[in-house]
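Right, one structure below, let's go through it.
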Amino acid sequence: MPHENPTQIETLSFQQALLGWYDRYGRKNLPWKLETTPYKVWVSETMLQQTQVNTVIPYFFRFMQRFPTLESLSAANQDQVLQHWSGLGYYARARNLHRSARLIADHHAGEMPATLEQLTALPGIGRSTAGAILSLGYGKCAAILDGNVKRILSRYVNLEGWPGTAANQRLLWAISERLTPEKQAGDYNQALMDIGATVCTRTHPDCNACPLQSACTAHQLQCTDRVPASKPGSSIPVRKSWMLILRNNGDDNAFYLEKRPGAGLWGGLWVFPCFDSEADMLTWCRQRRIDISQLELLPEQRHTFTHFRLDYTPAIAWTSSLDGVQETSGCWLKAGEALAIPAPVSRLLTEITRR
DNA sequence: AACGCGGGGGG
DNA sequence: CCCCCAGCGTT
């Protein structure tokens with residue numbers, strides 16, 4: 001890796017290339033760039049963790065409309081916050097954002113902290129998000145290392161191996177720190193992210209449009225298609241599940257949902273009752289005097305998470321009330337009501353209601 | 001150091 | 001089908 005330790009001249013030239021590119025081609029009209037504030041940067045950066053810009057934009061608008069200020073977010077309850085995150089995934093981000101808003105209200109007089117130490121002490125803010133808040137929100141000098149920066153720097157130094165290994169993470173952070181300019185770190189970081197998203201893409205990078213072309217080792221060696229190396233593959237397990245879509249005889253647009261525990265998968269979200277086997281589901285129904293004879297099984301559906309695959313069979317049943325067992329965490333979702341629900345539940349609700 | 005955590009998009 | 005994406009917290 002020839003450029004692992006860039007000289008002062010190379011560093012300066014790298015910075016100038018990015019800042020010059022940003023003036024001409026940088027994305028300055030993204031929603032969180034307009035009348036930007038540290039709070040907007042924080043919310044957008046949190047939504048953008050492992051999530052692409054186009055996916056985030058509509059969620060950002062809705063979220064900022066409902067929680068326009070840090071104070072309004074800290075005053076909300078968790079259900080309201082999760083509801084506005086519903087469908088975006090990685091729901092711990094929303095729970096941490098909300099917790100941090102309350103911590104800031106209580107311990108920072110309602111003002112966003114502006115140091116790396118204070119920011120990374122808040123739940124949901126790691127080193128990279130803190131660097132983004134400091135540079136983009138406060139104009140301070142701070143490095144970032146997200147997926148875009150990893151890819152650009154990996155190609156710049158022709159990194160060997162997968163960027164996610166501990167050793168490569170350390171190396172990439174060191175390079176990022178060293179290259180970040182003292183002044184205009186915000187524009188510099190925005191340029192990195194914009195170039196990563198639009199020029200130095202994972203496949204088919206547009207090297208002729210890249211201001212780093214002449215400095216990029218991977219480009220010189222014509223191996224941008226093999227750098228960065230992809231994550232070592234590993235097969236993921238498959239789980240089977242049955243989801244009981246319980247409808248109400250008295251109101252055929254009401255559906256029975258249960259709230260998941262506060263942490264873990266879909267934490268705090270509302271889902272159909274889920275079972276590991278069809279027998280478990282039937283037992284649950286019998287205990288509540290639900291007529292199983294007209295239970296309707298739908299075709300199996302598939303939902304893939306990062307770490308396992310869920311093959312689930314939806315089953316529709318009808319009841320007039322849930323007697324027999326007292327329910328603690330259940331509710332009837334009526335038409336027009338909004339709750340925090342994950343994507344598969346949302347899809348099923350739409351599918352059932354439309355037919 | 002490895003794993004858990006969603007959902008969507010592109011190849 | 002595959003891989004990745006403006007990562008972070010937990011173990």
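So you know, we letter chains A, B, ... as the sequences are listed, proteins then strands, and number each from 1.
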Separation of [N] [atom2] from [X] [atom1] (nearest whole Å):
{"X": "A/R151", "N": "C/dC3", "atom1": "CZ", "atom2": "C1'", "answer": "12 Å"}
{"X": "A/I144", "N": "C/dC5", "atom1": "CD1", "atom2": "C1'", "answer": "14 Å"}
{"X": "A/I133", "N": "C/dC8", "atom1": "CD1", "atom2": "P", "answer": "9 Å"}
{"X": "A/H204", "N": "C/dC3", "atom1": "NE2", "atom2": "P", "answer": "17 Å"}
{"X": "A/L48", "N": "C/dC5", "atom1": "CG", "atom2": "P", "answer": "13 Å"}
{"X": "A/Q169", "N": "B/dA1", "atom1": "CD", "atom2": "P", "answer": "10 Å"}
{"X": "A/D194", "N": "C/dA6", "atom1": "CG", "atom2": "P", "answer": "11 Å"}
{"X": "A/L97", "N": "C/dG9", "atom1": "CG", "atom2": "P", "answer": "12 Å"}

Which part of the nucleic acid, if any, lies within contact of [X], taking any heavy atom under 4.0 Å across all strands shown: a base, the sugar-phosphate backbone alone, or nothing?
{"X": "A/G267", "result": "nothing"}
{"X": "A/P228", "result": "nothing"}
{"X": "A/W32", "result": "base"}

Below 4.0 Å: OP1/OP2 of [N] and any side-chain N or O of [X]:
{"X": "A/T129", "N": "C/dC8", "result": "yes"}
{"X": "A/Y91", "N": "B/dG7", "result": "yes"}
{"X": "A/R347", "N": "B/dG8", "result": "yes"}
{"X": "A/H303", "N": "B/dG7", "result": "yes"}
{"X": "A/Q49", "N": "C/dA6", "result": "no"}
{"X": "A/R95", "N": "C/dC8", "result": "no"}
{"X": "A/R93", "N": "C/dG9", "result": "no"}
{"X": "A/H307", "N": "B/dG4", "result": "no"}
{"X": "A/W162", "N": "C/dC3", "result": "no"}

(message) Any carboxylate oxygen within less than 4.0 angstrom of a Lys/Arg side-chain nitrogen, looking at A/R178 and A/E10?
(response)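 No salt bridge links A/R178 with A/E10.
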(message) Both A/L88 and A/R202 contact DNA chain B. Taking the nearest nucleotide for each, which residue is further toward the 5' end?
(response)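 Its nucleotide being nearer the 5' end, the pick is A/L88.
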(request) Using heavy atoms to find the nearest nucleotide of DNA chain B for A/A167 and A/G264 separately, return the residue whose nucleotide is more 5′. (result)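 Whichever sits nearer the 5' end wins; that is A/A167.
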(request) If C/dC5 has a Watson-Crick or G-U wobble mate with both distances under 3.5 Å, name it; if not, just say none. (result)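 B/dG7 is the nucleotide pairing with C/dC5.
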With the side chain of [X] defined as its heavy atoms from C-beta on, choose the nearest nucleotide among [options].
{"X": "A/A166", "options": "B/dA1, C/dA6, B/dG7", "value": "B/dA1"}
{"X": "A/T306", "options": "C/dC1, B/dG6, C/dA6", "value": "B/dG6"}
{"X": "A/F305", "options": "C/dA6, B/dG8, B/dG7", "value": "B/dG7"}
{"X": "A/Q50", "options": "C/dC4, B/dG6, B/dA1", "value": "B/dG6"}
{"X": "A/S230", "options": "C/dC3, B/dG7, C/dC1", "value": "C/dC3"}
{"X": "A/Y90", "options": "C/dG7, B/dG7, C/dC4", "value": "C/dG7"}
{"X": "A/A343", "options": "B/dG7, B/dA1, C/dA6", "value": "B/dG7"}
{"X": "A/R27", "options": "C/dG7, B/dG6, C/dA6", "value": "C/dA6"}

Distance between the [atom1] atoms of [N] and [M], in whole angstroms?
{"N": "B/dG8", "M": "C/dC8", "atom1": "P", "result": "22 Å"}
{"N": "B/dC3", "M": "C/dC3", "atom1": "P", "result": "16 Å"}
{"N": "B/dG11", "M": "C/dA6", "atom1": "P", "result": "15 Å"}

(message) Quick check with a 6.0 Å cut-off and a 45 degree axis cone: is A/K28 positioned over the face of A/Y22's six-membered ring?
(response)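 Yes, cation above the ring, under 6.0 Å and within 45°.
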(message) Checking side chain to side chain contact (heavy atoms under 4.5 Å, CB included) between A/T224 and each of A/P205, A/S154, A/C200, which is the one that passes?
(response)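 Going through A/P205, A/S154, A/C200 one by one, the side chain to side chain contact (heavy atoms under 4.5 Å, CB included) with A/T224 is satisfied by A/P205 alone.
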(message) Can you say whether a donor on the side chain of A/T51 sits under 3.5 Å from an acceptor on the base of B/dG8, or the other way round?
(response)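 Result: no qualifying N/O pair found.
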(message) Do A/P211 and A/Y25 make a side-chain contact, defined as non-hydrogen atoms from C-beta onward lying under 4.5 Å apart?
(response)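 Heavy-atom side-chain distance check fails, nothing below 4.5 Å.
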Return yes if a side-chain donor-acceptor contact under 3.5 Å exists between [X] and [Y], otherwise no.
{"X": "A/R27", "Y": "A/T198", "value": "no"}
{"X": "A/Q49", "Y": "A/T129", "value": "yes"}
{"X": "A/H219", "Y": "A/Q213", "value": "yes"}
{"X": "A/Q118", "Y": "A/T115", "value": "yes"}

(message) Go nucleotide by nucleotide along DNA chain C from the 5' end; which of A/L122 and A/V53 gets its closest nucleotide reached first?
(response)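 Final value for this comparison: A/V53.
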